[in-house]
Visitor: 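Dumping the structure here so I can ask a few things about it.
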Number of protein chains: 2
Amino acid sequence: MKTISIGEVDQYDGEEVIIKGWLFNRRSSGGIQFLQIRDGSGIIQGVLKEGSVDSDLFEMALDLKRESSLVVQGEVKRDERAPIGYELEVSDISVQQSVKDDFPITPKEHGPGFLMDHRHLWIRAKGSAPVLRVRHELLQALREFFDREGLIATEGPILTGVSVEGTTTLFETDYFGEDAYLTQSSQLYLEATAAALGEVYWIGPVFRAEKSKTRKHLTEFWMAEAELSWVEHDENLDFQEKMVHYVVNRVVDKRRDELESLGVNTEALVKKVEKPFPRISYKEAIEIVNEAGIDMNTGEDFGAPAETALGDHFDKPVFIEAFPRELKPFYMEPMPNGETVYAADLIAPDGYGELIGGSQRIDDLELLEDRLDEEGLPRDPYEWYLDLRRYGSVPHSGFGLGVERTIAWICNLDHVRETIPFPRQINRIYP
Amino acid sequence: MKTISIGEVDQYDGEEVIIKGWLFNRRSSGGIQFLQIRDGSGIIQGVLKEGSVDSDLFEMALDLKRESSLVVQGEVKRDERAPIGYELEVSDISVQQSVKDDFPITPKEHGPGFLMDHRHLWIRAKGSAPVLRVRHELLQALREFFDREGLIATEGPILTGVSVEGTTTLFETDYFGEDAYLTQSSQLYLEATAAALGEVYWIGPVFRAEKSKTRKHLTEFWMAEAELSWVEHDENLDFQEKMVHYVVNRVVDKRRDELESLGVNTEALVKKVEKPFPRISYKEAIEIVNEAGIDMNTGEDFGAPAETALGDHFDKPVFIEAFPRELKPFYMEPMPNGETVYAADLIAPDGYGELIGGSQRIDDLELLEDRLDEEGLPRDPYEWYLDLRRYGSVPHSGFGLGVERTIAWICNLDHVRETIPFPRQINRIYP
């Protein structure tokens, strides 16, 4: 007899099969038991009828606790009323492990602290597993997009001697007697590989020892970063726009069931990412924020309420350009006025904040040296980065997309901690 | 006029195009200059004839130093003698940056220290850029394989409170007042996500603060790890064998040019990964090693010479099974004899050593608790891991493939440091 996964039951209508999985939930009604069985690829309802199966089996099944592991044999039956269109008429169950204690995650509401302490079990729940499948799909969609555009996948190191985003939020480690830091971004390294390989990307973990405890921050999170040789500011935004449009459509296509199980209005989501995305200046953005009744002055960064106001105003992703250079890191190309830089943040609708930060990078050696000096950064650890401006410097641009925020936005979640299997927050290193 | 990449010149035979790139190398012969231009996607020879172009242009081009960045206009011409089958008859050059100093990496031999100090530039060289393209392809091939097999991509955290491979080789960091470690493997976490999602994988960076300075070790390296629910030892090996066969063939198909430019005999490589791979016990392996004249006793681990002897003996990847349990971590399933465990290492031919380490994991709670105690490991940080044996434990297996060693083997390289853009070794955190 064939062992199949629940995701492929539609190919076995009317056949007797074996499914290996876990008892997700159950109910009984008179002489019938309905066992929800999950195997990672989906959930199927197994139907056990008194009299149709051995009575010992029927009794035994009544005692099975949630998350018991089972090898279930039965006939796949088409059933329009079933969420996946099929049920399993169970003929036999072999119990791998009969769980002794009640599974800690119950359908009732739990506090976030309890759920986070049980994250290793919580990921099996109805609200969690679909999010992790969406995560898988988003990462695949990003890679697929980059590959189609001819980019080469590459990596920066996690352990570095340099800081990309400022020195106050670095995790440090002793590296055989030297100080090393966990990377905040692979950007500087990708600039080097872009000069070797043309256009490059990486998707990997980055770290910020930020003390902020918000629903948009993790200390360890994943970025999708790209660096594009010979690409200037506007083209950089075109690329990002095309990417967001592509990946959202791809995820909706492939994971419609999961998204709908999470209550996402996929039609509205697809409409929101129709191109083009508005592009407004930092100055215009402040006006919109002020009109929304939020106090904010030139020279300040956008806080969460300001980002929400911008998202509400456009109801789709919006690029904020032309930031004052004091607000941005040293490596960003100044605009002709000298005051603002060729940077852009992509702000999500629905209050999810900054999804992407990007900029054209300075390609002139002297200008870059001056900016390092202005920021009081030492030259030595950046010598290799300066070399990129000595040997065949070209105009180039890049960006980093926050993977967790993008998933939170797509899945319409309250907190980024739900988008990654094992989130790390200021007070959270376990499990 | 169309700007194209060198990788797509075959679509533009006879057309006037623009190529943006870097001057890779050059030679002159009388009234002709041959400019090797690279753009990351390939290298094309640009031909500049005195008299056919403006004389100022011809003179200017004579002064261009290597790695100058150029926008080159010219006609694509079919030429059988050219390595890529085409040349560019140059009509104009616009110089983006004329490099002032000689490019540090010259075609002559450099010492490894010098090359590593200039890694950010070395990656542009003939022996390096193709390796990084092979790396890209191997990672794609692995993902493609896992996806076809129905696995879901997931992640373990980098920052953890637990040790997987022993406590002596951990990088530590202060995590807001708590001790945290950089992960040595995501295995334990993947076991949790496998119970939620069925079969899972991740490809990401892991860390070992090993003081060993060998050609097979980095302190930061990438692993491709998979965990398979309901899979036992033999099936685990079948899966790995299928994977290695698939990815090597895929890389050879897609990157034959790069591999051949590195001197790889692709035909021999493909032959070596024909299935099945031999499977021998630890005991049998020792006999083979001893027969090769290498002193090694039961209870010892295979050193580099022993691994080389095993590779030479079979001239293809070979699984070593049934290791004494004292040699392996606490979580491996004992064999019925109680002395050995259901573990296997896949040893590469040609002296490249261990490519994969894998095992069936203990699924019985008490046995796992006993093994933790035996190893003197504390229970608390592993409570969540023990929970996986309390709630729906199933037989399951997994493995980790060392990405850098696999690339070194495929590309026939002397040292793993050449397989990753910015290698980290005991004395190396820069660039």
Side-chain angles (χ1 to χ4, degrees), chain A residues 5 20 22 39-41 67-69 96-97 99 101 103 120-121 123-124 129 132-133 136 139-140 150 152-159 161 171-173 175-176 178 180 182 189 192-193 195-199 204-205 220 230 384 387-388 390-394 420-422 424 426 429-431, chain B residues 5 20 22 39-41 67-69 96-97 99 101 103 120-121 123-124 129 132-133 136 139-140 150 152-159 161 171-173 175-176 178 180 182 189 192-193 195-199 204-205 220 230 384 387-388 390-394 420-422 424 426 429-431:
Chain A
S5 69
K20 296 177 174 180
W22 291 265
D39 72 349
S41 74
E67 289 300 319
S68 290
S69 44
Q96 178 68 38
Q97 187 192 37
V99 169
D101 302 316
F103 191 62
H120 54 294
L121 302 176
I123 50 178
R124 304 183 190 181
L132 297 186
R133 283 196 288 268
H136 160 93
L139 296 178
Q140 303 290 69
I152 297 282
T154 181
E155 299 96 17
I158 302 297
L159 292 166
F171 285 109
E172 267 186 63
T173 190
Y175 192 80
F176 306 105
E178 281 185 74
L182 300 191
Y189 291 97
T193 51
L197 303 169
E199 304 196 315
E220 173 179 339
W230 303 94
W384 67 268
D387 267 355
L388 306 179
R390 292 185 182 108
Y391 301 105
S393 194
V394 300
I420 188 166
F422 294 94
R424 294 297 180 239
I426 177 165
I429 188 88
Y430 176 96
Chain B
S5 70
K20 296 176 173 180
W22 291 264
D39 73 348
S41 73
E67 288 300 318
S68 290
S69 44
Q96 177 69 36
Q97 186 192 39
V99 169
D101 301 317
F103 191 62
H120 53 294
L121 302 176
I123 51 178
R124 304 183 190 181
L132 297 186
R133 283 195 288 269
H136 159 95
L139 296 178
Q140 304 289 69
I152 296 282
T154 182
E155 298 96 18
I158 303 297
L159 292 166
F171 286 110
E172 267 186 62
T173 190
Y175 192 80
F176 306 106
E178 282 186 73
L182 301 191
Y189 291 97
T193 51
L197 303 170
E199 303 196 315
E220 173 180 338
W230 302 95
W384 67 267
D387 267 355
L388 306 179
R390 293 185 181 107
Y391 301 105
S393 195
V394 301
I420 189 166
F422 294 94
R424 294 296 179 240
I426 177 165
I429 188 88
Y430 176 97

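Please read all numbers here as calculations on a predicted model, not as lab measurements.
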Visitor: Using non-hydrogen atoms only, which part of L139(A) is less than 4.5 Å away from chain B: side chain, backbone, both, or neither?
Guide: side chain

Visitor: Looking at CH2 of W22(A) and CD of Q96(A), how far apart are the two atoms once the value is rounded to the nearest 0.5 Å?
Guide: 10.0 Å

Visitor: Could you tell me which of I123(B), I426(B), D39(B) has the largest number of non-hydrogen atom pairs under 4.5 Å with chain A?
Guide: I426(B)

Visitor: Below 4.5 Å from any heavy atom of chain A, which atoms of R390(B) appear? Answer side chain, backbone, both or neither.
Guide: backbone

Visitor: Out of P421(B), A195(B), P205(B), S5(B), which one racks up the most heavy-atom pairs below 4.5 Å with chain A?
Guide: A195(B)

Visitor: Give, as side chain, backbone, both or neither, the part of Q140(A) having an atom under 4.5 angstrom from any heavy atom of chain B.
Guide: side chain

Visitor: What distance do W384(A) atom CH2 and F422(B) atom CZ have between them, rounded to the nearest 0.5 Å?
Guide: 5.0 Å

Visitor: So for Y430(A), is it side chain, backbone, both, or neither that comes closer than 4.5 Å to the heavy atoms of chain B?
Guide: side chain

Visitor: Among residues at least two apart in sequence or on other chains, which ones pass side chain to side chain donor-acceptor pair (under 3.5 Å) with E220(B)?
Guide: none

Visitor: Where on I158(A) is there a heavy atom nearer than 4.5 Å to chain B: the side chain, the backbone, both, or neither?
Guide: both

Visitor: Shortest non-hydrogen contact from R424(B) to Y189(A)?
Guide: NH2-OH, 3.4 Å

Visitor: Do V394(B) and K20(A) have side-chain heavy atoms sitting under 4.5 Å apart?
Guide: no

Visitor: With respect to chain A, which residue among V99(B), L159(B), T154(B) yields the maximal number of heavy-atom pairs within a distance under 4.5 Å?
Guide: L159(B)

Visitor: Looking only at heavy atoms and a cut-off of under 4.5 Å, which of L121(B), I152(B), L132(B), T193(B) has the most pairs with chain A?
Guide: I152(B)

Visitor: Do you know which of A192(B), A129(B), G150(B), S69(B) has the most heavy-atom pairs under 4.5 Å to chain A?
Guide: S69(B)

Visitor: Shortest non-hydrogen contact from Q97(B) to G392(A)?
Guide: OE1-N, 2.9 Å

Visitor: Against chain A, label P431(B) side chain, backbone, both or neither, depending on which of its atoms sit under 4.5 Å from a heavy atom there.
Guide: both

Visitor: Determine the interplanar angle of the F171(A) and Y175(B) rings, folded into 0 to 90°, and report it as parallel if under 30°, tilted if 30 to 60°, perpendicular if over 60°.
Guide: parallel

Visitor: Is P157(A) in contact with chain B via its backbone, its side chain, both, or neither, using a 4.5 Å heavy-atom distance?
Guide: both

Visitor: Would you say the side chain of W230(A) lies within less than 4.5 Å of the side chain of E199(A), judging by non-hydrogen atoms?
Guide: no

